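The structure appears right after this line, and notes come after that.
All values reported here derive from a predicted model rather than from experimental measurement.
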Amino acid sequence: MGRKNKKKIPEGPCAPFCIHFPDCGGCLYQQFSYEGQRDEKLSKVQKLLGEVCPEAVPNECLSSPRQTGYRNKMEFSFGDMEKDGPLTLGLHMRGSFYNIIPISDCQIVDSDYRAIIWATMQYFREAGLKYVHKKTHDGILRHLLVRKSVATEEIMVALVTSSKECYENGVYKHTPWADEWAKRLLMLDLYGRISGVLHIVNDSPADVVQSDHTEVLYGSDQITEKLLGLEFKITPFSFFQTNSTGAEVLYTVVRDYIGDIDGMTVFDLYSGTGTIAQLLAPVAKKVIGVEIVNEAVEAARENALLNGLDNCEFIAGDVLKVMDEITEIPDVMVLDPPREGIHPKALPRLLSYGVRHFVYVSCKPDSLARDLVPILESGYHPVKSVCVDMFPWTKHIETVCLFEK
């Protein structure tokens, strides 16, 4: 078996509600009531930020509208629970790089996910296909990606494999096992509707879900989600908040914090598929989004057209480099960086615009605490902040902070 993670699991008064606890390392706050684990995370954010700037400390954590079945995207891995054991499909065992737990009763996804996982694992056990071994890289099966829209209940399922058996004379060929797997999925009795089944080929040595080639086996390669009256097309690799109902809470806070932006130019930096930009666009003069992932930028442009917004511009590139190419000057900014926060060289450049106020959306409080120092040194002070629980039962938390010059 894989090495156990020695990190201590938080102690709490409640019995875990998931049969996979504590072997699965995902939801480690099950020993608390929902209110208890939400308050526990808020307390940790308060301690982190309070050591840097007491005025930045949030006093409230807003709840996720859904506490179970809230995920709209999951990536599962093929493997086994023990060496030379039967094929499994699920999540990594806590503290193990190799061992995969079959997730038959995961509670942060709905029953459609569980049915798809189980049917996929059973089919490939019958087919006798092997998973890609992390050391030798032999085998075919790698990952299963599932995305589901809360609003439309459309489901996208993508099988990720190595290229073995997938090409003939350099051209993708439909393998019998991929086509038969797709047919099995379409026979499932689900609450939602499978709108797309994909086969993604990936020969990268890294254990990540990415595409060398994507083939649509059935339907479409995108689903539609709706947030706060707008529609968003989501492709396999689009960045989109993984909790749709929680995202509405988060983005409502951002929109409230940013305030009256009539006639103003807004920079939405680290913009992903442009969700925040498009929510602000109807009341702004212009919104410019910058995102390093090309696919996300293309999706943002398509979504802006879908929503009839002609005052959004989306630029593909690194925020640090793109800033020198943009001629417009922002009146306000929204910063929603990845977990590592804003690049130390990019932050002074952004602060040099001297905007009247900006909103910082952080998915990792440690990064926000670090970035607070140069923000305060640049003459900004926190006006208000709040936490939003986007990931019930896990350790993760979002923090939104409004800064003024």
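Using modelled atom types and a 3.5 Å distance limit, the side chains of Tyr131 and Asp80 yield a donor-acceptor pair. Using a 3.5 Å distance cut-off with no hydrogens or angles, the side chains of Ser163 and Asp203 do pair a donor with an acceptor. Judged purely by distance below 3.5 Å, without hydrogens or angles, the side chains of Asn243 and Ser64 pair a donor atom with an acceptor atom. Side-chain contact of Asp268 with Ser271: a donor-acceptor pair under 3.5 Å is absent, judged by distance alone. A donor and an acceptor atom, one from each side chain of Asp105 and Gln107, are located under 3.5 Å apart. Residues Glu225 and Ser149 bring a donor and an acceptor atom of their side chains to less than 3.5 Å of each other. Using a 3.5 Å distance cut-off with no hydrogens or angles, the side chains of Asp389 and His396 do not pair a donor with an acceptor. For the residue pair Trp181/Thr120, the side-chain donor-acceptor check at 3.5 Å is satisfied. For the residue pair Ser162 / Arg142, no side-chain donor-acceptor distance below 3.5 Å is found, with atom types taken as modelled.
Looking at Thr88, its side chain never comes within 3.5 Å of a backbone N or O of Pro102 through a donor-acceptor pair. A donor-acceptor pair is defined here as one N or O able to donate and one able to accept, closer than 3.5 Å; no such pair exists between the side chain of Thr242 and the backbone of Asn72. Under a 3.5 Å cut-off, the side chain of Tyr218 and the backbone N or O of Leu186 do not form any donor-acceptor pair. Of the possible polar contacts, one joining the His357 side chain to the Ile258 backbone as a donor-acceptor pair under 3.5 Å is found. Although no hydrogens or angles enter the test, the distance criterion places no donor-acceptor pair under 3.5 Å between the side chain of Arg349 and the main chain of Leu320. Checking side-chain atoms of Asp331 against main-chain N and O of Val266 turns up no donor-acceptor pair under 3.5 Å. For the pair Arg114 (side chain) and Val109 (backbone), a donor-acceptor distance under 3.5 Å is present. A distance-only check finds a donor-acceptor pair linking the side chain of Arg370 to the backbone of Glu340 [under 3.5 Å]. A distance-only check finds a donor-acceptor pair linking the side chain of Asp112 to the backbone of Gly192 [under 3.5 Å]. Judged by distance alone, with hydrogens and angles left aside, the side-chain atoms of Asn311 form a donor-acceptor pair with the main-chain N or O of Ala281 at under 3.5 Å.
For Phe267 and Phe358, the ring centers sit 6.0 Å or farther from each other. Between Trp393 and Phe17, the ring center distance clears the sub-6.0 Å criterion.
Smallest separation of non-hydrogen atoms from Ala56 and Pro382: N-CG, 3.7 Å. Val249 and Ser63 make their closest contact through CG2-O, 4.3 Å (heavy atoms, listed as atom of the first residue, atom of the second, distance). When every heavy atom of Cys24 is checked against every heavy atom of Ile101, the shortest pair comes out as N-CD1, 3.5 Å. Residues Ser204 and Gln210 share a closest heavy-atom pair of CB-NE2, 3.2 Å. Shortest non-hydrogen contact noted between Leu145 and Lys73 is CD1-CE, 3.7 Å. The two atoms that bring Ala277 and Val287 nearest to each other are CB-CG1, 3.4 Å, heavy atoms only.
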>> Walk me through whether Glu404 and Arg356 qualify under salt bridge (charged side-chain N to carboxylate O under 4.0 Å, His left out).
In response: CA-CA 6 Å; Glu404 282 189 355; Arg356 182 185 57 167; over 6 Å; no
>> Is there a side chain to side chain contact (heavy atoms under 4.5 Å, CB included) between His143 and Phe78? Walk through the geometry before answering.
In response: CA-CA 6 Å; His143 300 95; Phe78 286 95; 5.5 Å; no
> Can Lys47 and Glu51 be said to form a salt bridge (charged side-chain N to carboxylate O under 4.0 Å, His left out), step by step?
Replying inline: CA-CA 6 Å; Lys47 184 177 185 299; Glu51 292 174 350; 3.0 Å; yes
>> Using the rule given for salt bridge (charged side-chain N to carboxylate O under 4.0 Å, His left out), can you reason through Glu126 versus Arg184, listing the C-alpha separation, both sets of side-chain angles and the distance that settles it, and then say yes or no?
In response: CA-CA 12 Å; Glu126 295 169 11; Arg184 290 276 189 101; 3.0 Å; yes
> Between Arg71 and Asp110, does a salt bridge (charged side-chain N to carboxylate O under 4.0 Å, His left out) hold up when you go through it step by step?
Replying inline: CA-CA 8 Å; Arg71 295 276 307 195; Asp110 69 24; over 6 Å; no
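Contact annotation: the side chain of Asp221 never approaches that of Met156 to less than 4.5 Å [non-hydrogen atoms, C-beta and beyond]. Proximity of Val146 to Glu75: side-chain heavy atoms (C-beta onward) are nowhere separated by under 4.5 Å. Taking 4.5 Å as the limit, every side-chain heavy atom of His381 sits out of range of all side-chain heavy atoms of Glu55. At least one side-chain heavy atom of Pro86 sits less than 4.5 Å from a side-chain heavy atom of Arg125. The shortest side-chain heavy-atom distance between Pro337 and Tyr360 falls under the 4.5 Å cut-off. Taking 4.5 Å as the limit, some side-chain heavy atom of Asp366 sits within range of a side-chain heavy atom of Leu48. Here the side chains of Glu215 and Leu159 are not in contact, with every heavy-atom distance at 4.5 Å or above. By the 4.5 Å heavy-atom criterion applied to side chains, Leu347 and Asp371 are counted as neighbours.
Using the six-membered ring where Trp is involved, His92 and Phe97 have ring planes that are parallel, under 30° apart on the 30 and 60° scheme. By the 30° and 60° cut-offs, the orientation of the rings of Tyr98 relative to His133 is tilted.
Other residues, nucleotides and ligands contribute only 12 or fewer heavy atoms inside 6.0 Å of the OH atom of Tyr191. Under a cut-off of 6.0 angstrom, the local environment of NZ in Lys384 is crowded, with over 12 non-hydrogen atoms contributed by other residues, nucleotides or ligands. Counting heavy-atom neighbours within 6.0 Å of Lys285 NZ, excluding the residue itself, gives a total of 12 or less.
The pair Asp138-Lys130 fails the salt-bridge criterion, with no side-chain N (NZ, NE, NH1 or NH2) lying under 4.0 Å from an Asp/Glu carboxylate O. Under the 4.0 Å criterion applied to side-chain N and carboxylate O atoms, Arg193 and Glu154 are assigned as salt-bridge partners.
Rounding to the nearest 0.5 Å gives a distance of 9.0 Å between CD of Gln241 and OG1 of Thr273. Distance SG/Cys27 to NZ/Lys395: 12.5 Å, rounded to 0.5 Å. Separation of atoms SG (Cys166) and CG (Asp212) is listed at 10.5 Å; rounding is to 0.5 Å. Rounded to the nearest 0.5 angstrom, His343 NE2 and Lys321 NZ are separated by 9.5 Å.
Residues meeting the side chain to side chain donor-acceptor pair (under 3.5 Å) test with Thr161, sequence neighbours left out: His199.
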Under 3.5 Å, sequence neighbours excluded: what are the donor-acceptor pairs made by side chains of residues 289-308?
unit_1: Glu291; atom_1: OE1; unit_2: Gly272; atom_2: N; d: 2.8
unit_1: Glu291; atom_1: OE2; unit_2: Val293; atom_2: N; d: 3.1
unit_1: Glu295; atom_1: OE2; unit_2: Thr235; atom_2: OG1; d: 2.5
unit_1: Glu298; atom_1: OE2; unit_2: Arg301; atom_2: NH1; d: 2.9
unit_1: Arg301; atom_1: NE; unit_2: Phe314; atom_2: O; d: 3.2
unit_1: Arg301; atom_1: NH2; unit_2: Phe314; atom_2: O; d: 2.7
unit_1: Asn303; atom_1: OD1; unit_2: Lys233; atom_2: N; d: 2.5
unit_1: Asn303; atom_1: ND2; unit_2: Ala299; atom_2: O; d: 3.0
unit_1: Asn307; atom_1: OD1; unit_2: Glu231; atom_2: N; d: 2.9
unit_1: Asn307; atom_1: ND2; unit_2: Glu231; atom_2: O; d: 2.8
unit_1: Asn307; atom_1: ND2; unit_2: Gln278; atom_2: OE1; d: 3.1
unit_1: Asn307; atom_1: ND2; unit_2: Asn303; atom_2: O; d: 3.0

